[in-house]
Visitor: 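First the structure, which I've put down as structure tokens, then a few questions once you've had a look.
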Amino acid sequence: MSDRFKRLLVTSALPYANGPIHLGHLAGVYVPSDIYVRYQRLKKRDVIHICGSDEHGVAITIRAEQEGVSPQEIVDRYHAGMKESFQRLGVSFDNYSRTSLPIHHETTQAFFLKVLEKGFLVRKTTKQLYCTKTQQFLADRYVQGTCPYCGSEEAKGDQCEKCGRPMDPLSLINPISVLSGEPPEIRETTHWFFDLKRLQPDLIEWQKTHPEWKDNVKNYCRGAFEEGLQERCITRDLRWGVKVPLEGEEGKVIYVWFDAPIGYISSTKEWAIAKGDPDLWKKYWCEPDTKLVHFIGKDNIFFHALMFPAMLMAHGGFILPDNIPAFEFMNLEGRKLSTSKNWAVWLPEYLEAFEPDPLRYYLAYNAPENQDSDFKWQEFQNINNSHLADVFGNFVNRVVSMTLRYFDGKVPARGALSAEDDGILNLIKNAPNTVGESYENFHLREAVSLTLATSRMGNLYLQEQQPWKLVKENPERGGTVLNVSLEVCRALAVLFHPITPFTSEKIWRMLNLPGRVEDQEWDQAGIPVLEPGHALGEPVILFRKFEDAEIQKQLDKLKVSKPTEEEDSGIAPFLDQQVTYDEVATLDLRVADVLEAERVKKTEKLLKLKIRIGKDERTIVAGVAQYYAPEDLVGKQIIVVANLEPAKIRGIESKGMLLAANDGERLTLMAPAQPCKSGARVL
RNA sequence: GGCGGGGUAGCUCAGGUGGUUAGAGCGGUGGUCUCAUAAACCACAGGUCGAGGGUUCGAGUCCCUCCCCCGCUACCA
């Protein structure tokens, strides 16, 4: 950290309070941020680590309705669980708040008003879907329907679950209100938009001053700038959330993504109040000699590198983030995590079976720093058993055991030092510097490797010096080697503290040293301090080895949770809505002959088909190019919806659509089982 | 279609501004040792650095073309 900064404000992305913490969260945000913060604390820097639960948004209210409880009950449940999980993993927040607290609502409302006053909020009337039965506008996920892009019937109002595209609810085909199951109507409503567009030049100027940021962040922003930032709607017609603090705006709340980052500020306020100095938060948020760092996953780059900084600029009086270490994603056994499919490792379940430190170590060692990485149970086992148990843990154990055995558990005196002794003492003296540099640059994996390498050198030193022989031939020399080795153990306790804090504390106790590891000084980690004659504590095994059977158990658990064939195959679920015969009869399904077929240029999926229905010839556009070559279709018979209203697709008028079955793997066209007269009605 | 990121030893990955025999961890093989959690330490693995072409005295590292994988984005059933 350069001298320009007097203090550090580190934030970790607010986890969404609708489920337990899983390994994706940890690898991408909380383990890296906690390691960084613990390192900074040992450096004796003025640092606070701020986080909290993100408790607004539609996913929570829908869940509440499904379970027949209030949104508050949902978030209470998960907030408590998440907070506890973090604690048990040793993720050391200085404050873990929640966005449903009054302090956050007040902070957000004040923020909103200030930005409004500064002229960065624009009011606009838009069309939105409205559920007449429950008398409310349907924000985001309160509406679902058929995705106009991929045809999935599970598309939500904010995003299609299947193809992942963001959604304008108005473009959904056959939209249905999640609340009533009824089709909604379109009504006008007014909303507030944040004028992100206007701040683009400022954002660009600001980012020019940060060439040191990670490529993923810079590239994302560059792309966004080239596309041009747009005004963002920051209010919703909902009851759950931070109320818009304006007359005549009842029934409107501030969009969850506007209030969530403000949660960092309100969480800091809460911390300051608990400290007994309510204004202390300002020091961290408003003084330019504070270094603000946001730890996030790559999915949050937009909100932390563009939206929130723009909000802070618009508001004025705040510092901007100095760095935004955005991590990529961690997959599980080669597949993307999916909480809905339960393809995940949940922290509470992990902690039932294993200790916290091995997970912290493995996630840091394998952190998705520059690209997505993969969590593999077997690799987790390997790394634990070899790096932690065999290299690190065993080294400490050898040293302490020998001291116990040959020197009655007392630190032996140190005689004259050999070149090898000096070598390793120098190594631990310099280690804080080299490892620290990696931490300062957010090179987590490198830092972890360097840290482990130090214990490897310890083993090498023992191997070469062979104190077990020396104690018989030259006890004084043997004592010296063990004395030096014990200093290495002590250094390792400090050096490993950011990564494996629980283990470090165990070493501290084994060495019977005063105080706690977290109160030591990083830079002093390798300075010898042990007094000859100092009695050690009880030796304990630092890392047990994980047996194949327990790893297999975890793998089996995944198999169980692995989606069944049907769920995974992409077969659409049955629709609940019933239709009458008359409604079915409104569809004019016909047998048609394909006369011509050609690809629509510059598209991946579209074929232009000339078809004949009886005597009627017409053109339709169909999205089957990935499954059928044009020549495969000419001469074939297909079934089409003849009375679908015409649509312009890529400038081509399409009059009708063909029927095809989608089994999630491919599309299969519907055709009469036997040749049939063209134009025959299908019913 | 546009933008971005990847494709390096069996596996997971490192390899600023081009330069002697392309590196690490895990696994595998052989050896040393016995203090220790049957751990440690040493040696070996000889990988067309996705494919092809080019620039250069010299390219994994720069340029062009192409092929795969992954994100974002556009258009679109």
Side-chain angles (χ1 to χ4, degrees), chain A residues 146-152 163-166 171 173 215-216 218-224 226-227 298-299 301-302 328-329 331 334 336 365-376 378-406 443 445-446 448-449 452-453 455-472 478 481-482 485 539-545 600-607 620-626 644 647-652 654 656-660 662 667:
Chain A
T146 302
C147 174
Y149 308 122
C150 72
S152 160
C163 65
R165 289 183 174 84
S171 69
I173 299 165
D215 288 340
N216 55 359
K218 286 190 291 185
N219 287 335
Y220 181 93
C221 292
R222 182 157 50 83
E226 276 166 21
E227 293 235 345
K298 66 175 165 186
D299 53 332
I301 293 175
F302 174 80
E328 304 286 309
F329 289 153
N331 297 321
K336 221 187 276 184
Y365 170 78
N366 193 22
E369 219 168 272
N370 301 313
Q371 54 188 296
D372 290 358
S373 65
D374 204 11
F375 182 100
K376 289 188 175 156
Q378 222 153 66
E379 193 188 35
F380 167 72
Q381 178 191 21
N382 275 344
I383 294 299
N384 174 76
N385 291 0
S386 64
H387 288 198
L388 294 180
D390 293 346
V391 176
F392 175 30
N394 188 42
F395 168 71
V396 176
N397 191 31
R398 316 168 67 173
V399 175
V400 174
S401 299
M402 275 189 271
T403 309
L404 205 64
R405 187 155 154 184
Y406 301 124
H443 293 159
R445 296 171 70 126
E446 189 179 67
V448 171
S449 294
L452 184 73
S455 55
R456 280 186 204 283
M457 293 314 286
N459 276 319
L460 178 56
Y461 173 72
L462 286 184
Q463 203 60 40
E464 286 174 345
Q465 301 303 312
Q466 307 196 326
W468 52 91
K469 268 189 189 163
L470 288 174
V471 290
K472 289 162 193 159
V481 170
L482 280 180
S485 300
V540 294
I541 294 294
L542 294 177
F543 298 99
R544 67 186 184 89
K545 294 210 191 187
V600 179
K601 276 177 196 157
K602 293 193 175 181
T603 66
E604 282 173 16
K605 301 177 182 175
L606 300 186
L607 286 185
I620 65 172
V621 177
V624 295
Q626 287 171 314
L644 181 70
K648 273 234 170 158
I649 299 166
R650 277 282 170 170
I652 304 162
S654 176
M657 66 181 273
L658 54 70
L659 297 189
N662 183 352
L667 284 174

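Within every chain, numbering begins at 1; the chains are lettered A, B, ... in the order of the sequence lines, protein sequences first and strands thereafter. Keep in mind the model is a prediction, meaning the values are calculated, not measured.
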Visitor: Looking at A/R445 and A/E369, is there a salt bridge between them, counting it only when a charged N and a carboxylate O are closer than 4.0 Å?
Guide: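 No, no charged N to carboxylate O under 4.0 Å.
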
Visitor: Nearest to the side chain of A/S401, which nucleotide is it out of B/A14, B/C35, B/U37?
Guide: B/C35

Visitor: If the test is side chain to side chain contact (heavy atoms under 4.5 Å, CB included), which one of A/L452, A/V448, A/L388 qualifies with A/Y365?
Guide: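 Between A/Y365 and the candidates, side chain to side chain contact (heavy atoms under 4.5 Å, CB included) is satisfied uniquely by A/V448.
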
Visitor: Can you tell which of B/C13, B/U37, B/A39 lies closest to the side chain of A/N397?
Guide: B/U37

Visitor: Would you please classify the geometry between the A/F302 ring and the A/Y220 ring as parallel, tilted or perpendicular, with 30° and 60° separating the classes?
Guide: perpendicular

Visitor: My understanding is that a pair needs two contacts under 3.5 Å, Watson-Crick or G-U wobble. By that rule, which nucleotide pairs with B/U17?
Guide: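 Across all strands, not a single nucleotide pairs with B/U17.
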
Visitor: In whole angstroms, how far is the P atom of B/A43 from the CG atom of A/L460?
Guide: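 It works out to 10 Å between those atoms.
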
Visitor: Closest-nucleotide mapping onto RNA chain B: is A/N385 or A/K376 further toward the 5' terminus? I mean the 5' end.
Guide: A/K376

Visitor: Hey, does the Lys NZ or Arg CZ of A/K298 hover above the aromatic six-ring of A/F329, less than 6.0 Å from the centre and inside 45° of the axis?
Guide: yes

Visitor: Under 4.0 Å between a side-chain N or O of A/Q371 and OP1 or OP2 of B/A14?
Guide: yes

Visitor: Atom CG of A/N219 to atom P of B/G2: distance rounded to whole Å?
Guide: 18 Å

Visitor: Paired with B/U56 by Watson-Crick or G-U wobble geometry, both distances under 3.5 Å: which nucleotide is it?
Guide: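 Here B/U56 is not engaged in any pair, so there is no nucleotide opposite it.
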
Visitor: Nearest to the A/K336 side chain among B/A36, B/A14, B/G71, which nucleotide is it?
Guide: B/G71

Visitor: Base, sugar-phosphate or nothing for A/D372? Non-hydrogen atoms, less than 4.0 Å.
Guide: sugar-phosphate

Visitor: Give the rounded distance in Å between these two atoms: CG of A/D299 and P of B/G71.
Guide: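 The distance from CG of A/D299 to P of B/G71 comes to 13 Å, rounded to the nearest Å.
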
Visitor: Which atom names give the shortest non-hydrogen contact between A/S373 and A/N366, and what distance separates them?
Guide: OG-O, 2.9 Å

Visitor: Pick the nucleotide of RNA chain B nearest each of A/N370 and A/Y406; which residue has the one closer to the 5' end?
Guide: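 With A/N370 and A/Y406 compared, the 5'-side residue is A/N370.
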
Visitor: Return the nearest nucleotide to the side chain of A/N394; candidates are B/G4, B/U37, B/C35.
Guide: B/U37

Visitor: Using the side-chain heavy atoms of A/K469, tell me which of these nucleotides is nearest: B/U34, B/C35, B/A14.
Guide: B/U34

Visitor: Quickly work out the A/E226 CD to B/C72 P distance and round it to whole Å.
Guide: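 These atoms are roughly 18 Å apart.
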
Visitor: What closest approach, in Å, do A/L404 and A/P539 show between heavy atoms, and which atom pair accounts for it?
Guide: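 Looks like CD2-CG, 3.8 Å.
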
Visitor: Over how many whole Å does the gap from A/Q466 atom CD to B/C41 atom P extend?
Guide: 14 Å

Visitor: Do A/N384 and A/R544 meet the criterion of a side-chain donor-acceptor pair at a distance under 3.5 Å?
Guide: no

Visitor: Between the protein and nucleotides 23-28 of chain B, which nitrogen or oxygen pairs come in under 3.5 angstrom?
Guide:
residue : atom : partner : partner atom : Å
B/G25   : O3'  : A/H387  : NE2          : 3.4
B/G25   : O3'  : A/R456  : NH2          : 3.2
B/G25   : O2'  : A/Y365  : OH           : 3.0
B/G25   : O2'  : A/H387  : NE2          : 2.7
B/C26   : O2'  : A/N382  : ND2          : 3.2

Visitor: Side chain of A/N459 only, please: which of B/C70, B/G6, B/C41 is the nearest?
Guide: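 Between B/C70, B/G6, B/C41, the one nearest the side chain of A/N459 would be B/C41.
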
Visitor: Considering Watson-Crick and G-U wobble pairs with both distances under 3.5 Å, what does B/A51 pair with?
Guide: B/U65

Visitor: When both hydrogen-bonding distances must be under 3.5 Å and the geometry is Watson-Crick or G-U wobble, what is B/C3 paired with, if anything?
Guide: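 When the pairing criteria are applied, B/G71 turns out to be the nucleotide that pairs with B/C3.
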
Visitor: Is the shortest side-chain N to carboxylate O distance from A/D372 to A/K336 below 4.0 Å?
Guide: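 Salt bridge flag = no for A/K336 with A/D372.
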
Visitor: From the options B/C35, B/A39, B/G4, select the nucleotide whose nearest atom is closest to the side chain of A/R405.
Guide: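 Nearest to the side-chain atoms of A/R405, counting from C-beta on, is B/C35.
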
Visitor: Any idea which of B/C41, B/U37, B/C13 is nearest the A/K545 side chain?
Guide: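 Nearest listed nucleotide: B/U37.
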
